[in-house]
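Here the structure is a predicted model, which means the values were calculated and not measured.
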Protein chains: 2
Amino acid sequence: MGKQETRDRIVEKADDLFYQQGFEKTSFADIADQVGISRGNFYHHFKSKDDILTAVIDRRMEKTKGMLKDWERETQSPAERIGCYIQILIANQAKIRLYGCPVGTLTAELSKLDHLAQEDAARIFTLFRNWLKRQFQQMGFTDRADEHALHIVGRSQGVATLYQAYKDDTYLNKEVQDMKSWLATLTA
Amino acid sequence: MGKQETRDRIVEKADDLFYQQGFEKTSFADIADQVGISRGNFYHHFKSKDDILTAVIDRRMEKTKGMLKDWERETQSPAERIGCYIQILIANQAKIRLYGCPVGTLTAELSKLDHLAQEDAARIFTLFRNWLKRQFQQMGFTDRADEHALHIVGRSQGVATLYQAYKDDTYLNKEVQDMKSWLATLTA
DNA sequence: TTTTTCATAGGACAAACGTCCTAACCAAGG
DNA sequence: CCTTGGTTAGGACGTTTGTCCTATGAAAAA
């Protein structure tokens with residue numbers, strides 16, 4: 001197997017495990033089991049666990065960029081695009097129920113560990129933030145575009161956290177609806 | 001030193017460390033160093049690490065109950081009491097900046113670990129939820145009291161998460177103000 | 001004073017951790 | 001064919017983990 005392929009599979013499985021178990025809890029043995037390679041072989045691809053974390057964050061960045069591009073292609077208006085963002089809570093409902101928001105839980109964990117990569121993880125938030133900001137700007141909100149962007153990112157985070165805690169579908173749907181109403185009244 | 005005193009000091013320090021570093025990351029050695037006792041001595045007070053976690057959650061429950069009682073004593077109206085809750089974000093600003101919300105981050109971590117105590121941790125949320133619900137009921141919201149309670153708990157969570165990620169004081173203040181405005185329009 | 005109780009220290013224990021080394025393997029190039 | 005380059009498996013390493021055992025010391029009970 002080529003080097004790149006193995007590397008990609010390591011990053012993919014590490015990504016899943018970091019999300020499902022947390023970074024600290026996930027060991028090389030866990031990742032090796034999932035990928036199907038030996039423990040010692042890791043250091044031919046990554047020089048440390050932190051190195052894998054960096055690769056995982058890069059991967060999430062790229063995947064997020066791709067998703068945002070997809071949304072732009074699939075929609076007609078900026079308001080509709082913001083709707084796509086709000087809708088992730090529903091689209092990823094099953095995973096959020098178990099593991100929370102991948103971005104929020106990782107930044108929180110890395111922040112506690114005082115890990116250097118915390119800022120990198122927060123950049124995924126920034127990706128959404130700036131993209132949403134652009135949508136609000138296109139809607140005509142020149143001054144408060146960034147403020148609105150942060151607002152719905154924050155609210156989504158809160159909903160994800162509480163949904164993970166309570167696993168209450170009614171709450172999730174209600175809040176998603178509420179955010180969409182907020183967006184609608186903003187437009188009007 | 002009496003048994004109860006040592007036990008209390010262990011729980012107190014463990015509480016801090018679980019908050020600051022996370023449960024998984026915190027070892028017996030960490031706690032022992034903070035308390036100033038030997039590692040082996042732990043098992044005279046707790047039979048496992050999970051046992052300490054249970055004690056820490058109990059402690060947080062009691063402290064939360066005390067805080068809610070304080071708020072009831074210090075205030076005149078239910079709306080003012082809800083204001084106290086919103087204000088925690090400001091009161092605990094310095095800690096939230098570094099470690100996030102103690103309740104939200106713990107439940108998220110335990111949920112990923114598939115830990116039995118996850119439900120116990122979520123009960124601290126319920127403490128706030130039911131208390132807020134009662135305040136909303138006293139304000140006259142009979143039907144939507146619980147809904148409103150969950151709403152502001154969720155929003156606070158989101159603000160805490162994003163504040164921990166960005167450490168942006170302007171955002172924090174803006175969102176706190178926004179929640180207070182929401183409360184005010186609800187009253188009107 | 002002698003005896004008993006019990007909180008404590010310190011180390012043993014196996015397992016797991018991240019890291020590193022080396023020998024075997026296999027495909028491509030000569 | 002043989003040689004080379006790089007991917008791989010497997011295990012060694014020192015450390016740290018949660019857990020447990022035992023001897024010590026001091027205070028309380030006799």
Side-chain angles (χ1 to χ4, degrees), chain A residues 1-58 106 109-110 112-118 120-121, chain B residues 1-58 106 109-110 112-118 120-121:
Chain A
M1 192 175 304
K3 182 164 183 174
Q4 191 61 43
E5 297 164 54
T6 307
R7 195 194 138 96
D8 288 347
R9 285 177 53 221
I10 292 174
V11 177
E12 181 195 339
K13 297 299 182 184
D15 190 346
D16 289 345
L17 288 168
F18 288 173
Y19 178 36
Q20 294 164 14
Q21 310 187 346
F23 171 71
E24 186 73 18
K25 169 78 175 175
T26 301
S27 69
F28 277 82
D30 291 333
I31 306 172
D33 283 352
Q34 286 290 310
V35 179
I37 61 169
S38 76
R39 249 162 279 112
N41 190 17
F42 271 99
Y43 289 79
H44 200 261
H45 301 275
F46 301 94
K47 71 175 196 290
S48 70
K49 195 183 175 186
D50 288 350
D51 234 45
I52 300 184
L53 176 61
T54 304
V56 166
I57 293 176
D58 286 347
L106 183 64
E109 184 181 0
L110 295 182
K112 292 204 185 211
L113 298 177
D114 209 12
H115 200 290
L116 285 171
Q118 189 264 349
D120 295 329
Chain B
M1 191 176 303
K3 184 166 184 174
Q4 189 63 41
E5 296 164 56
T6 307
R7 195 195 138 97
D8 288 346
R9 283 177 54 223
I10 291 174
V11 177
E12 182 194 338
K13 298 298 183 184
D15 191 347
D16 290 344
L17 287 168
F18 289 173
Y19 178 36
Q20 294 164 14
Q21 310 186 345
F23 171 71
E24 186 73 18
K25 169 77 176 177
T26 301
S27 69
F28 277 81
D30 292 333
I31 305 172
D33 283 352
Q34 285 290 310
V35 179
I37 61 169
S38 75
R39 250 163 280 112
N41 190 17
F42 271 99
Y43 288 79
H44 201 259
H45 301 275
F46 300 95
K47 70 175 196 288
S48 70
K49 195 183 175 186
D50 287 350
D51 234 46
I52 300 184
L53 176 60
T54 304
V56 165
I57 293 174
D58 285 347
L106 183 64
E109 183 181 0
L110 296 182
K112 294 206 184 208
L113 298 177
D114 209 12
H115 200 290
L116 284 170
Q118 188 265 348
D120 295 330

Among [options], the nucleotide that comes nearest once only the side chain of [X] is considered:
X: B/Ser38; options: D/dA9, C/dT19, C/dG10; answer: C/dG10
X: B/Asn41; options: D/dT8, C/dT8, D/dT19; answer: C/dT8
X: B/Phe28; options: D/dG18, D/dT17, C/dT19; answer: D/dG18
X: B/Thr6; options: D/dG18, D/dT8, C/dT8; answer: C/dT8
X: A/Lys3; options: D/dT7, C/dG18, D/dG18; answer: D/dT7

What I want to check is whether the side chains of B/Asp30 and B/Gln34 have a donor and an acceptor closer together than 3.5 Å.
no
Which is more 5' along DNA chain D, the nucleotide nearest A/Ile37 or the one nearest B/Phe23? Just name the residue.
A/Ile37
Starting at [atom1] of [X] and ending at [atom2] of [N], how long is that distance when rounded to a whole Å?
X: A/Phe46; N: C/dC20; atom1: CZ; atom2: P; value: 15 Å
X: A/Phe42; N: D/dG11; atom1: CZ; atom2: P; value: 17 Å
X: B/Asp50; N: D/dT17; atom1: CG; atom2: P; value: 16 Å
X: B/Ile31; N: D/dT16; atom1: CD1; atom2: P; value: 17 Å
X: A/Glu24; N: D/dT17; atom1: CD; atom2: C1'; value: 12 Å
X: A/Leu53; N: C/dG18; atom1: CG; atom2: P; value: 13 Å
X: A/His45; N: D/dG6; atom1: NE2; atom2: C1'; value: 10 Å
X: B/Asp30; N: D/dG18; atom1: CG; atom2: C1'; value: 13 Å

Donor-acceptor check, side chain of B/Lys49 to backbone of B/Thr26, threshold 3.5 angstrom: yes or no?
yes
Would you say C/dT19 has OP1 or OP2 under 4.0 Å from some side-chain N or O of A/Tyr43?
yes
For D/dA9, does OP1 or OP2 lie under 4.0 Å from any side-chain N or O of A/His44?
no
Answer yes or no: is there a side-chain heavy-atom contact under 4.5 Å between B/Leu53 and B/Leu110?
yes
Closest non-hydrogen atom pair, B/Glu24 against A/Lys25:
OE2-CD, 3.4 Å
Parallel under 30°, tilted from 30 to 60°, perpendicular over 60°: which one fits the rings of B/Phe28 and B/Phe42?
perpendicular
If you assign each of A/Arg39 and A/Ala29 to its closest nucleotide in DNA chain C, which residue comes earlier from the 5' end?
A/Ala29
